[in-house]
Structure formats: C-alpha cells, structure tokens
Novice: 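I'd like to ask some things about the structure below.
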Amino acid sequence: MSHARADLAPDAALSRGEMEDLQREIADVALFEDDFSFDPSALSNPLEATASGAEPPIVVGIDQSFLTNDDGDQDRALSAVVAMRGGEVIERVHAVTPLEIPYIPGLLSFREGAPILAALEELSVDPDLLLFDGSGRIHFRQAGIATHMGVVRDVPSVGVAKSLLCGTPVEDTDGLPAGTTIGIESNARVDAPDGTLLGYAVQTRQYDSPNRYINPLYVSPGHRVGPETAADIVLELASSYKLPEPVRLADQYADEAKKSLGE
DNA sequence: GCGACAG
DNA sequence: ATCTTGTCGC
C-alpha cells in the first residue's frame with residue numbers, strides 16, 4: 001500500500017505564500033518516526049554476508065548540478081541518482097529539467113524538485129531509502145527537500161546538509177570526535193514548539209590532532225525516519241569520507257553527467 | 001528596521 | 001550551486 005502524494009509535488013508556478021502553505025501541509029503529512037521494514041544496520045553489509053537470503057536494502061543518493069546557457073546563465077538543473085545495495089552501485093540515472101525559479105532559502109524543493117522526481121522515474125529498482133543533499137525537518141516549516149520528496153513518493157528519506165539552515169545545537173559542535181552526535185532543536189525561526197528535536201549534527205570524520213576542525217553534517221528526518229535512526233544511517237554510510245557514500249557518489253555523478261552534456 | 005539564510 | 005591550482009599540514 002503506497003501513499004504516494006503526487007498532488008503535493010512542488011509547483012514552481014505557485015506564489016511564495018502558496019509554496020509555504022504547501023510546505024505546512026507536507027509537514028503535516030510527514031512522519032518523523034521510523035516506519036520501514038528493512039534493517040538499517042544492514043545498509044552497508046556486503047551481499048555475501050546476507051545469510052538468510054534476504055537482500056540488503058536499496059539506498060539511493062541524490063544530488064544536483066546546474067547547466068549553463070549559451071549566454072552563461074543557469075537555465076537547467078540536472079539531478080543525479082545513484083542506487084546502492086550492500087555497498088555497491090547497482091544503478092545510476094539522471095534527468096534534466098528547466099530551472100523555473102531562483103534559489104530562495106526555505107524553498108529549495110521548488111527549484112530542484114522537478115529534476116529529482118523525473119530522475120527517480122527513470123530508476124528501474126525500487127528504493128528503500130532516499131538520501132538528499134539538503135535538509136529534511138531542519139527547516140522553517142519542517143518541510144525541507146528531503147521531506148518534500150519523501151512525502152511525494154512515500155519513501156523513507158533523510159536530509160544531509162553541510163550547513164545549518166535553522167534550529168539550535170543543544171551543545172557546542174566544534175571539534176567533535178568522529179562518531180559524535182549533537183541534537184538540533186527548534187528555535188523561534190522554526191514553525192514548531194521550541195525545543196522540538198529536529199535532527200542531529202553528525203560528525204562522521206575528524207582530523208586527528210591539528211587545531212583545525214572538520215564541520216559536522218546536519219542530518220534530519222525526511223519522511224518515515226526518526227532523528228536517531230537518520231543519524232545512525234549517515235554514520236554507517238559515511239565509511240571513508242565525510243559524506244555518506246550514496247550522496248558522495250551522486251555528487252560525483254552530477255558533475256560527470258553535466259560535463260558529458262557539454263558543460 | 002535588523003539579522004539569518006539548505007543548494 | 002558555481003568560477004578553480006596549488007598548497008599547508010599530518
């Protein structure tokens with residue numbers, strides 16, 4: 001039983017106020033708790049290690065790049081999707097759609113949502129989990145791009161941002177040891193009761209000794225995933241680099257695909 | 001009016 | 001996001 005909500009897909013023709021209203025509706029439909037059947041701790045398990053014959057879940061990483069016009073203007077967005085299972089890439093697809101609106105903090109999904117949904121349509125495999133480059137519940141109206149896409153497709157999703165859009169860390173997040181997590185709570189800028197746990201600052205990697213720090217990632221539930229599980233998933237998937245592997249590879253692929261189209 | 005602001 | 005090589009530090 002899929003509860004996909006294509007009717008809530010981002011529409012760049014809406015007014016800014018209508019976009020914000022739609023986001024409040026999406027946040028209302030979204031589930032910020034675990035609601036999936038796969039085993040998150042099996043995400044990076046090698047296929048061979050699966051004893052009972054059950055295959056590891058399929059995780060998909062998604063990232064965008066932008067194509068430039070003959071005049072030098074960004075006129076199209078390219079969404080790259082990389083599907084992995086048991087630590088291996090099993091499929092890569094991408095889609096390009098025209099850019100309708102500029103970047104506006106808080107309305108990212110209305111700018112990048114179309115190519116993402118188009119690319120996901122191209123996928124032949126069925127994703128168990130979607131990983132986005134951007135926020136989920138850590139958002140002014142609790143409906144970042146990970147939440148929006150997750151609700152429209154009704155697939156568990158997680159937002160992985162490199163900087164904090166809003167909310168407040170409950171403790172200092174400077175120089176955290178790898179593996180550390182610090183809660184991010186709502187503040188006055190967020191459309192939620194103060195103190196609501198929106199997500200976590202997640203330190204996947206850290207330098208050994210110098211007086212220089214690696215910034216943490218800001219991980220938040222998209223849809224059908226709780227904040228703790230979202231953080232756990234990112235820690236497990238970020239084996240060799242700061243970013244979780246599916247997102248890192250989608251990042252790479254977004255650039256490759258872009259160049260193969262004539263920059 | 002001032003400050004904040006994912007990609 | 002994007003323009004971009006070398007370079008400082010472990």
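A note on names: the letters A, B, ... follow the listed sequences, proteins ahead of strands, and every chain is numbered from 1.
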Novice: For A:Q206 and C:dG9, give me the distance from atom CD to atom C1', rounded to whole Å.
Specialist: 14 Å
Novice: Base, sugar-phosphate alone, or nothing: which one does A:G159 contact when heavy atoms must sit under 4.0 Å apart?
Specialist: nothing
Novice: Would you say B:dA6 has OP1 or OP2 under 4.0 Å from some side-chain N or O of A:K162?
Specialist: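 So the side-chain polar atoms of A:K162 never come under 4.0 Å of the phosphate oxygens OP1 or OP2 of B:dA6.
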Novice: Would you give the length of the straight line joining atom CE of A:M19 to atom CG of A:D11, rounded to the nearest 0.5 angstrom?
Specialist: 7.0 Å
Novice: Hey, could you give me each pair passing salt bridge (charged side-chain N to carboxylate O under 4.0 Å, His left out) that has a residue in residues 110-138 of chain A? Not counting sequence neighbours.
Specialist: A:E121-A:R153
Novice: Hey, does the side chain of A:S157 reach the backbone of A:H223 with a donor-acceptor pair shorter than 3.5 angstrom?
Specialist: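 Side chain of A:S157 to backbone of A:H223: a pair is present.
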Novice: Determine whether the side chains of A:S44 and A:E236 contain a donor N or O and an acceptor N or O closer than 3.5 Å.
Specialist: yes
Novice: How close do A:P221 and A:A230 get, heavy atom to heavy atom, and via which atoms?
Specialist: N-CB, 4.4 Å
Novice: Between A:Q252 (CD) and C:dA1 (C1'), how many Å, whole number?
Specialist: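 Rounded to the whole Å, the gap is 17 Å.
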Novice: Between A:K258 and A:D255, is there a side-chain N and carboxylate O pair less than 4.0 Å apart?
Specialist: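 A:D255 and A:K258: not salt-bridged.
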Novice: Where do A:E25 and A:L8 come nearest, in terms of heavy atoms and distance?
Specialist: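 What the structure gives for the nearest pair is OE2-CD2, 3.5 Å.
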Novice: Nearest-Å distance, NZ (A:K259) to P (C:dT2)?
Specialist: 10 Å
Novice: Can you tell me how far C1' of B:dA6 sits from CG of A:N215, to the nearest Å?
Specialist: 14 Å
Novice: Separation of A:I214 atom CD1 from C:dC10 atom P, in whole Å?
Specialist: 14 Å
Novice: With a cut-off of less than 4.0 Å, is there a side-chain N or O of A:K258 near OP1 or OP2 of C:dT2?
Specialist: yes
Novice: I'd like to know whether OH of A:Y241 has more than 12 heavy-atom contacts from other residues, nucleotides or ligands below 6.0 angstrom.
Specialist: no
Novice: Considering non-hydrogen atoms only, spot the tightest contact between A:I138 and A:C166 and give its length.
Specialist: CG2-O, 3.3 Å
Novice: Touch check for A:S163, heavy atoms < 4.0 angstrom, all strands: base, sugar-phosphate only, or nothing?
Specialist: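 Since only primed, P, OP1 and OP2 atoms lie under 4.0 Å of A:S163, the category is sugar-phosphate.
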Novice: What's A:L78 touching, base or sugar-phosphate or nothing? Going by heavy atoms closer than 4.0 Å.
Specialist: nothing
Novice: Applying a 4.0 Å non-hydrogen cut-off, can you work out what A:I145 is touching in the nucleic acid: base, sugar-phosphate, or nothing?
Specialist: base
Novice: Identify the heavy atoms of A:A119 and A:V93 that sit nearest to each other, and give their distance.
Specialist: O-CG2, 3.4 Å
Novice: Could you list the cluster mates of A:Y253? Members are the ILVMFWY residues connected by side-chain heavy atoms closer than 4.5 Å, either directly or through other members.
Specialist: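 Via sub-4.5 Å side-chain contacts, A:Y253 links to A:V82, A:M84, A:V89, A:L249.
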Novice: Are there any protein N/O atoms within less than 3.5 Å of an N/O atom in nucleotides 2-5 of chain B, and if so, which ones and at what distance?
Specialist:
none

Novice: Would you compute the distance between atom CD of A:Q206 and atom CZ of A:R212 and round it to the nearest 0.5 angstrom?
Specialist: 11.0 Å
Novice: Looking at the side chain of A:R111, which of B:dG7, B:dA6, C:dT2 is the nearest nucleotide?
Specialist: B:dG7
Novice: If pairs are Watson-Crick or G-U with both distances under 3.5 Å, what is the dot-bracket string of DNA chain C, marking crossing pairs with [ ] and pairs to another strand with |?
Specialist: ..........
Novice: To the nearest Å, how far apart are A:L67 CG and C:dT2 P?
Specialist: 10 Å
Novice: Let me know the distance between CZ of A:F110 and P of B:dA6, rounded to the nearest Å.
Specialist: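 So the two atoms are 17 Å apart, to the nearest Å.
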Novice: Looking only at side chains, do A:Q64 and A:S79 share a donor and an acceptor under 3.5 Å apart?
Specialist: yes
Novice: To the nearest Å, how far apart are A:Q74 CD and C:dA1 P?
Specialist: 11 Å
Novice: Toss me the dot-bracket line for DNA chain B: Watson-Crick and G-U wobble, both under 3.5 Å, 5' to 3', using | for pairs to another strand and [ ] for crossers.
Specialist: .......
Novice: Check the pair A:D251 / A:R248 against salt bridge (charged side-chain N to carboxylate O under 4.0 Å, His left out), numbers first and verdict last.
Specialist: CA-CA 5 Å; A:D251 205 278; A:R248 189 182 71 83; over 6 Å; no
Novice: Spell out, as yes or no, whether a donor-acceptor pair under 3.5 Å connects the side chain of A:T204 to the backbone of A:K242.
Specialist: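 Yes; at least one donor-acceptor contact below 3.5 Å.
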Novice: Which residues within residues 232-250 of chain A lie with some heavy atom under 4.0 Å of an atom in DNA chain B?
Specialist: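 Per residue number, the list is empty: none.
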